[in-house]
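Everything below concerns the one structure shown next.
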Amino acid sequence: MPIITGLDNIILGSALDMSAPEEMWVVGEGVDAPRLALAQSATGADRSGQAFELALSGFLARCQELLEDGGPVGPAAHG
């Protein structure tokens, strides 16, 4: 069940991100803002697609590790 829930979270989060404005943060001139807010890579038409690919590839890599290890998925795996 944690795998299904995790995948659901990635998909729902991505769907919400696709409906977000293209320019996520507008930082006024002279404002001392964190570098994240100033990153040009955080804007553009494919921003949400790139983020989805990153999240999904990391998720699938972790699922593969769990399958190879034969270990449990969920709270018992961390205890």
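The structure presented is a predicted model; accordingly, all values stated were derived computationally and were not measured. Below, all heavy atoms of this structure are taken into account, side chains as well, without hydrogens, waters or symmetry copies.
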Does any part of the side chain of Leu54, heavy atoms only, come nearer than 4.5 Å to the side chain of Gln50, both counted from C-beta? no
Mind checking the [atom1]-[atom2] spacing from [X] to [Y]? Nearest 0.5 Å is all I need.
{"X": "Asp8", "Y": "Ile4", "atom1": "CG", "atom2": "CD1", "result": "9.5 Å"}
{"X": "Met1", "Y": "Thr5", "atom1": "CE", "atom2": "OG1", "result": "4.5 Å"}
{"X": "Asn9", "Y": "Ser14", "atom1": "CG", "atom2": "OG", "result": "12.0 Å"}

Looking only at heavy atoms, which two atoms of Ile10 and Phe52 are closest? And how far apart?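 The pair with the smallest heavy-atom distance is CG2-CE1, 3.8 Å.
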Check the hydrophobic clustering (I, L, V, M, F, W, Y; side-chain heavy atoms under 4.5 Å; chains of links allowed) and say if Ile11 and Leu60 are grouped together. yes
Under a 3.5 Å distance rule, please check whether Ser57 uses its side chain to pair with a backbone N or O of Glu53 as donor and acceptor. yes
